[in-house]
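Worksheet for the structure shown next.
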Amino acid sequence: MSITNTPRPYAWGSRTAIPGFLGAPASGEPQAELWLGAHPANPSKINAAQPDFPDLAAWISAEPQRALGTGGQGQSLPFLLKILAAETPLSLQAHPTAAQAALGFAAEERAGIPLGAPHRNYKDSFAKPEIIVALKDGFQALSGFRPLDEVQGVLSTLRMAAAELGVESLRPLELFETLLSTRNPMETALGLVLGGQYQQAIEELTGLVVRLAGSMVARSGRFASSFATLRDVAGAYPGDPGIVLTLLLNKVTLARGEALFLDAGNIHAYLSGLGIELMGPSDNVMRGGLTSKHVDLDELLRVLDFAPMAPPFLAAEPTGVNITSYRPAGTGFALHRLQDDSQLPLAGPAVAIAESGELMVSGALGSSSPRRGEAIYLTPDEQYVRTEGRGELWVATTSAR
């Protein structure tokens, strides 16, 4: 079944990257995300001359056993596939666990908060673990709190930058250093930076850090990439308190085919680049700066994991002839890249999108030749996805791992 959707026009999106991936003309407007799935906020449309259902979500709801397999998988597609193109940084954010999402959604439903309300935190009752795989070299992101000794190195660089620029008063920086010397440094720093109680002091700190990040000492050495990110973020979100928080996070640059797995509680932000995402069927986002949208600090602090962590790279595994797989444990989904002649067994429903070349794509019940950028929904009774020819096909499906 051929499916399609309209890219979401968020302001941070690229005007060219998604059209380039799809082989479609650019609209002139930002195109940030192409959703391929059945999430009620933006379900995919069924490509047919006279479709019996308005979208994929409606069809799955009407025929869950056919669409999802035995048991109907809870009558909803258990994953969401996206093409993401960031021209400017996204908000700092984190996602809840399944338990947190269920409790938060139920509480906001009881409170009568409309689903579309700008201050609503939980749009659904699901977790949102996610994979991001770079489709081009140079995909940049922030992910997870860096070790405290690295943060201390950043602060030392800022002091050297102050000496270089002849800055005499370092009171705002000294405040930040004090916050980071507490028993729970990351939580304390984030809470006070975003809390609003010391707004003037945080504004002074932000202004000072941005100034120091432009120094020669900040533009060279071990943390040059972090300071470059800070300058970029400050240009996109001038005066935002989240600018300072970027110095607490790991900076990651992915080459094509490299991936991150962002589990619940991981604070992160995509900075720039084109990638393919696979995630739980959720739109639950707790924001922490670099945004004009609602920031619920209490809820953010509740879901965040403040433990320092290394960047959560997800290994690409060869799982068959011409097949590379990304399979994060405990999520129930996996992403596969099929090239040329290959065959992937299916244990459940799948969504596929052609990236390049000319392929014949078949299952047990039929075949098609998707054009570049065309997406397909495959039911479990197809049993497998076979590709023949020369090209690349991305397939998202369920996984027992």
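Quick note: numbers below take in every heavy atom, side chains included, and nothing from hydrogens, waters or symmetry partners. In this text the structure is predicted, and so the values were computed from the model without any measurement.
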**Asked** Minimum heavy-atom separation for A161 to L212, with atom names?
**Response**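 Closest pair (atom of A161, atom of L212, distance): CB-O, 3.7 Å.
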
Side chains of [X] and [Y]: is there a donor and an acceptor less than 3.5 Å apart?
X	Y	answer
T188	T182	yes
S362	S367	no
R146	S226	yes
S356	E392	yes
S225	K251	yes

Is the backbone of [Y] close enough, under 3.5 Å, to the side chain of [X] for a donor and an acceptor to pair up by distance?
X	Y	answer
E382	A364	yes
H95	N284	yes
E108	N121	yes
N5	L36	no
N250	A310	no
D240	L290	yes
S215	R211	no
D340	G391	yes
T291	K293	yes
E204	A201	no

Is [X] salt-bridged to [Y], cutoff N-O under 4.0 Å?
X	Y	value
R15	E29	no
R8	E33	no
E174	R171	no
E358	R390	no
E177	R159	yes
E355	R372	no

**Request:** Just jot down the side-chain hydrogen bond (donor to acceptor under 3.5 Å, both in side chains) partners of T387, sequence neighbours excluded, or say none.
**Result:**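 S342.
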
**Request:** Report the distance from atom CG of L90 to atom CG of L271, rounding to the nearest 0.5 Å.
**Result:**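 Here the interatomic distance stands at 8.5 Å.
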
**Prompt:** What distance do H39 atom NE2 and L56 atom CG have between them, rounded to the nearest 0.5 Å?
**Reply:**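 Interatomic distance, H39 NE2 to L56 CG, rounded to 0.5 Å: 13.0 Å.
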
**Request:** Could you check R120 against E109 for salt bridge (charged side-chain N to carboxylate O under 4.0 Å, His left out), going step by step and ending with a plain yes or no?
**Result:** CA-CA 10 Å; R120 176 105 187 199; E109 288 289 278; 3.0 Å; yes

**Request:** Please collect all ring-ring contact (aromatic ring centres under 6.0 Å, His included) contacts where either partner lies in residues 106-151, sequence neighbours excluded, each pair once.
**Result:** F139-Y270, F145-F306

